[in-house]
Amino acid sequence: VQLQASGGGLVQAGGSLRLSCVASRSTYSMYGMGWFRQAPGKEREIVAAISRGGDNTYYADSVKGRLTISRDNAKNTVYLQLNNLRPEDTAVYYCAARIYRVPSTASEVNYWGQGTQVTVSS
């Protein structure tokens, strides 16, 4: 599966962005999907994940109430809506796929997107 992420950019604190990740394969619905992020000098961490059918979601405590993950299996696409952004949200954001199950750690991921930079200015 090839994953193509887009939607990053530069935004002021309090602003919003919407990230998208399109999968190349029609069996996309077999994969649990997640968004990870990695800031300079830090480990890659999961911020949100969604089950194959979209009925179950997970959020890191640091982003609850501000980020929303969703997916459209008809379009092979997963989204991450980022609201009320903070400077500490600055990172490269990666979409990720895990066969059958929701990814919770980087080691569980089967496929990675190329990453999209999100920069939040104060």
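All of these numbers come straight from a predicted model, not from anything done at the bench. Residue numbers count from 1 along this sequence.
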*Selection residues 34-90 - residue pairs positive for ring-ring contact (aromatic ring centres under 6.0 Å, His included), sequence neighbours left out*: F36-W112
Within one Ile-Leu-Val-Met-Phe-Trp-Tyr cluster: [X] and [Y], side-chain cutoff 4.5 Å:
X	Y	answer
V47	L85	yes
V109	Y100	no
L67	V120	yes
I69	L3	yes
I50	M30	yes

[atom1]/[X] to [atom2]/[Y] distance, rounded to the nearest 0.5 angstrom?
X	Y	atom1	atom2	value
T27	R52	OG1	CZ	11.5 Å
M33	L80	CE	CG	11.5 Å
E88	S122	CD	OG	10.0 Å
Y31	N76	OH	CG	11.0 Å

_Fellow cluster residues of L10, listed by chain then number, with links counted only when side-chain atoms sit under 4.5 Å apart_ =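 For L10, no cluster forms, as it stays isolated from other hydrophobic side chains.
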*Would you confirm whether Q114, through its side chain, and Q4, through its main-chain N or O, come within 3.5 Å as a donor-acceptor pair?*
no
*Do side-chain atoms of R71 reach the backbone of G32 as a donor and acceptor pair under 3.5 angstrom?*
no
_Short side-chain donor-acceptor distance under 3.5 Å, Q117 and T119_ = yes
*R86-N84 side chain donor-acceptor pair, cut-off 3.5 Å*: no
For the residue pair [X] and [Y], what are the closest heavy atoms and their distance?
X	Y	result
A39	T90	CB-O, 3.8 Å
N83	S16	OD1-OG, 3.0 Å
V1	A23	CG1-CB, 4.0 Å
A13	P87	CB-CD, 4.2 Å

*For residues V102 and N56, determine if any side-chain heavy atom of one lies less than 4.5 Å from a side-chain heavy atom of the other.*
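No; the side chains remain at least 4.5 Å from each other.
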*Please list, chain by chain and in numerical order, all residues satisfying ring pair (Phe, Tyr, Trp, His ring centres under 6.0 Å) with Y94, sequence neighbours excluded.*
none
_So for atom CD, which belongs to Q2, do other residues, nucleotides or ligands contribute more than 12 heavy atoms lying within a distance under 6.0 Å?_
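Counting other residues, nucleotides and ligands, CD of Q2 stays at 12 neighbours or fewer.
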*Give the C-alpha distance, both sets of side-chain angles, the deciding distance and a yes or no for side chain to side chain contact (heavy atoms under 4.5 Å, CB included) between V22 and K75.*
CA-CA 8 Å; V22 182; K75 296 182 178 179; over 6 Å; no
*Applying the side-chain contact (heavy atoms from CB on, under 4.5 Å) test to L82, which of V11, L19, D89 qualifies?*
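Result: among V11, L19, D89, L19 is the only option passing the side-chain contact (heavy atoms from CB on, under 4.5 Å) with L82.
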*Any residue meeting salt bridge (Lys or Arg N to Asp or Glu O under 4.0 Å) with E45, in chain and number order, not counting sequence neighbours*: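 Checked E45 against salt bridge (Lys or Arg N to Asp or Glu O under 4.0 Å); matches are R37.
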*In chain order, what residues pass the salt bridge (Lys or Arg N to Asp or Glu O under 4.0 Å) check against R98, with sequence neighbours excluded?*
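Partners of R98 under the salt bridge (Lys or Arg N to Asp or Glu O under 4.0 Å) test: E108.
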*N73 and Y28: CA distance, side-chain angles, deciding distance, side chain to side chain contact (heavy atoms under 4.5 Å, CB included) verdict*: CA-CA 7 Å; N73 287 350; Y28 163 78; 3.1 Å; yes
_Show every disulfide bond (SG atoms under 2.5 Å apart) that has at least one partner inside residues 19-94, sequence neighbours left out._
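Only C21-C95 qualify under disulfide bond (SG atoms under 2.5 Å apart).
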